[in-house]
Amino acid sequence: MALGLFKKIIKDHLVEGEIDSSETIGIKVDQTLTHDATGSTVYLELEALGISKIKTELSVSYVDHNLIQNGYMSADDHRFLQSSAYKYGAFFSRPGNGVCHQIHLERFAIPGKILLGSDSHTPTCGGIGMIAIGVGGLDIALTMSGQPFYLKMPKIINVILKGRLQPFVSAKDIILYLLKIFKVKGGVDKVFEFSGPGISTLSVTERSTITNMGTELGATTSIFPSDSNTFKFMKLQNRENDFIEILPDEDAIYDQYFEIDLDSLEPLIAQPHSPDNVVKVKDISGIKVDQISIGGCTNSSVEDITKVALILKNNKVHPNISMAWNPGSRQVLQEIERRGLLNNLLSAGVRILESGCGPCIGMGFSPPSNGVSLRTYNRNFLGRSKTKTALVYLVSPEVAAASAITGVITDPRDLIKKGLDMQKINFKRKFTINDNMIIPPSDTPEKLEIIKGPNIVSLPIKEGLENKIEAKIQLKLGDNITTDDIIPAGPDILHFRSNLPKLSEYTFNMIDSNFANKMKKDKSGIIIGGTNYGQGSSREHAALTLMYLGIKIIIAKSFARIHRSNLINFGILPLTFKNESDYNDLDLGDVLYIEINDLNSNKITINNITKNEEFDSIHNLAEREKAIILAGGVLPFYRTKQHKYLY
Ligand code: MIC
Ligand code: SF4
């Protein structure tokens with residue numbers, strides 16, 4: 001049977017289930033990536049699971065999110081991660097080497113393989129022709145210990161690209177256009193597979209900008225074929241030996257088709273506070289800008305920063321604007337320096353930050369009060385920049401650079417200069433490859449010790465789910481609640497990711513500053529959510545802290561994919577309303593009574609004791625998920641080692 005690319009790769013890795021169903025399948029995973037903000041928990045989970053050696057072909061532990069080392073806590077985390085990587089058999093990318101996705105693409109990604117990452121933007125590597133999926137940390141820990149990864153077989157949308165982007169319109173505009181059409185939940189349980197004549201005009205890093213931000217569609221992943229452009233990229237990286245061509249079968253059939261005419265696209269911009277709030281740049285041009293930041297993992301390639309450096313050449317950053325660049329990787333920084341372009345940025349007045357996530361996750365360079373910030377990143381959720389009053393817009397590098405010169409939001413086509421044809425940026429020389437910041441696994445792990453600082457606390461193991469639950473609604477929320485809303489990041493909090501009791505105090509603190517205190521008093525509770533509850537990052541801490549505080553059940557109109565899995569992994573029951581209108585009848589403080597009955601029936605009737613009313617909910621759990629929930633989560637489930645899901 002003719003297969004598309006995603007299904008072809010899945011077929012090669014299938015250990016359970018059918019590719020032509022919409023049921024759960026099990027797949028073998030080749031590679032994993034973790035980073036410091038999620039990775040320390042992953043290594044604590046390996047400890048809790050009693051694993052001593054990683055079984056994947058390749059696992060890499062990156063340090064890119066919390067680089068500040070203000071005090072001992074993050075420095076201890078880095079040392080813990082480095083010693084754990086040595087001990088378990090992972091590669092370790094040292095702090096300052098760059099963002100996991102950019103480095104993985106440069107140095108480790110291989111067409112045709114399957115990569116799981118404990119970060120939602122793992123699909124970045126889909127640009128090279130591999131399946132790359134963002135998941136919660138426990139799913140990573142399980143695959144690192146040799147278990148298959150289970151997912152619901154997604155529907156595949158074939159995005160057919162035709163034509164060619166016009167000057168000053170870029171790959172970022174393709175993904176912003178998709179967000180404008182499909183919105184932040186349009187991709188849930190879907191894969192975006194790109195094809196068509198237009199793909200030959202896009203380099204691997206342009207493709208990766210698109211697959212990176214496909215995450216904001218809620219998609220399971222996005223993928224491009226591996227073709228001659230992929231070979232060119234791998235050759236630049238001195239990795240042509242890892243190249244294989246993988247194309248979809250010509251007559252492959254997809255679940256849905258969507259066509260984009262690249263010639264007709266224009267520069268686009270996502271307005272505050274959601275990546276899908278997209279309009280044309282020309283429709284809002286002229287808004288005064290206070291701050292611009294470029295880099296991160298969406299637009300972090302040498303091509304991207306070359307465009308910025310060419311536009312800024314012999315120009316100055318407007319005096320009212322503070323502009324910074326956090327390079328995606330050290331390789332990008334070195335390459336720009338070698339090509340003589342770093343000087344364009346420095347002369348124009350761009351601040352050079354360390355290679356890493358930086359301002360994208362609120363680690364410094366926050367905008368001023370009520371400030372307008374243009375960012376080439378992928379998320380502009382309220383408060384993510386750490387300035388709650390700021391207005392953050394998401395743009396392409398071209399729009400960022402043009403606006404830096406004028407001081408206001410600017411369509412770069414208004415600044416077109418003769419001879420500045422961005423489409424001609426073409427790299428022929430191999431990049432300077434320096435892997436000094438990547439430490440390979442140790443040959444003598446038995447001689448090494450894992451070093452834990454005082455802030456690194458082992459994980460609790462939860463009891464199984466009770467059959468009868470009576471609990472109060474502790475929070476009632478609207479649509480599209482993000483994991484940043486549930487447990488924020490930033491310099492004050494990030495170092496508590498390895499210290500659950502401390503971290504849990506910050507749960508929902510941007511929405512209800514008394515939430516953790518209420519939970520400490522009541523010790524149990526239920527949360528009510530709207531649609532797409534838990535969108536955004538993969539941080540399993542958004543489930544872990546709720547488990548720790550005693551939340552038993554979340555009833556929502558719908559869930560984001562990764563967060564729903566994280567809830568199950570930590571033994572919190574995710575239920576959806578059978579009739580969405582029942583959401584309106586629930587109020588904060590209502591006491592609900594629920595009988596689980598081994599989750600035998602997909603429908604669970606809930607009794608609102610306070611209002612003396614009843615409504616129905618649905619769990620839609622696969623068999624394995626039911627068993628995990630009943631056991632109290634993945635940790636107690638796998639520790640029993642007595643079930644058929646153990647390989
Ligand atoms: C993000 O962009 O939100 C993060 C920070 O990279 C997260 C990971 C995390 O919360 O640790 C993600 O995207 O998964
Ligand atoms: Fe880092 Fe931002 Fe990318 Fe998340 S989205 S991995 S915080 S650069």
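Counting convention: from 1, in listed order, for ligands and their atoms alike.
Proximity of a side-chain donor or acceptor of Arg379 to a complementary backbone N or O of Cys360 within less than 3.5 Å is not detected.
Residues Ser396 and Lys307 have side chains that never bring a donor and an acceptor to within less than 3.5 angstrom of each other. A donor-acceptor pair shorter than 3.5 Å cannot be found between the side chains of Ser498 and Asn455. Side-chain contact annotation: Gln69 with His495, donor-acceptor N/O pair under 3.5 Å absent.
Phe108 and Phe91 have their aromatic ring centers within a separation under 6.0 angstrom. In summary, the aromatic rings of Tyr548 and Phe570 are positioned with their centroids too far apart to meet the 6.0 Å limit.
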Contacts table for ligand 1: protein N or O within a distance under 3.5 Å of ligand N or O, distances only.
unit_1: ligand 1; atom_1: 2 (O); unit_2: Arg379; atom_2: NH1; d: 3.2
unit_1: ligand 1; atom_1: 2 (O); unit_2: Arg384; atom_2: NH2; d: 2.8
unit_1: ligand 1; atom_1: 3 (O); unit_2: Arg379; atom_2: NH1; d: 2.8
unit_1: ligand 1; atom_1: 3 (O); unit_2: Arg384; atom_2: NH1; d: 2.8
unit_1: ligand 1; atom_1: 3 (O); unit_2: Arg384; atom_2: NH2; d: 3.4
unit_1: ligand 1; atom_1: 3 (O); unit_2: Arg539; atom_2: NH2; d: 3.3
unit_1: ligand 1; atom_1: 6 (O); unit_2: His65; atom_2: NE2; d: 2.8
unit_1: ligand 1; atom_1: 6 (O); unit_2: Asp119; atom_2: OD2; d: 2.7
unit_1: ligand 1; atom_1: 10 (O); unit_2: Arg497; atom_2: NH1; d: 3.4
unit_1: ligand 1; atom_1: 10 (O); unit_2: Arg497; atom_2: NH2; d: 3.3
unit_1: ligand 1; atom_1: 10 (O); unit_2: Ser537; atom_2: OG; d: 3.1
unit_1: ligand 1; atom_1: 10 (O); unit_2: Arg539; atom_2: NE; d: 2.5
unit_1: ligand 1; atom_1: 10 (O); unit_2: Arg539; atom_2: NH2; d: 3.2
unit_1: ligand 1; atom_1: 11 (O); unit_2: Arg497; atom_2: NH1; d: 2.7
unit_1: ligand 1; atom_1: 13 (O); unit_2: Asp119; atom_2: OD1; d: 3.4
unit_1: ligand 1; atom_1: 13 (O); unit_2: Ser120; atom_2: OG; d: 2.6
unit_1: ligand 1; atom_1: 13 (O); unit_2: Arg379; atom_2: NH1; d: 3.1
unit_1: ligand 1; atom_1: 14 (O); unit_2: Ser120; atom_2: N; d: 2.8
unit_1: ligand 1; atom_1: 14 (O); unit_2: Ser120; atom_2: OG; d: 3.3
unit_1: ligand 1; atom_1: 14 (O); unit_2: Ser538; atom_2: N; d: 2.7
unit_1: ligand 1; atom_1: 14 (O); unit_2: Ser538; atom_2: OG; d: 3.0

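Between Tyr88 and Tyr43, the angle of the ring planes lies from 30° to 60°, which puts this pair in the tilted group. Between Phe496 and Tyr506, the ring planes are parallel. Angles under 30° get that label, and only those over 60° would be called perpendicular.
If you check each of Arg375, Met363, His65 against atom 4 (Fe) of ligand 2, the one with the closest non-hydrogen atom is His65.
Atoms of the protein (N, O or S only) found under 2.8 Å from atom 3 (Fe) of ligand 2 are Cys297 SG.
At least one heavy atom of Arg384 sits less than 4.0 Å from an atom of ligand 2.
Between Glu540 and Arg497 there is no salt bridge, since none of the side-chain N atoms of the basic residue sits less than 4.0 Å from a carboxylate O of the acidic one. With salt bridges taken as basic N to acidic carboxylate O contacts below 4.0 Å, one links Arg107 and Asp435.
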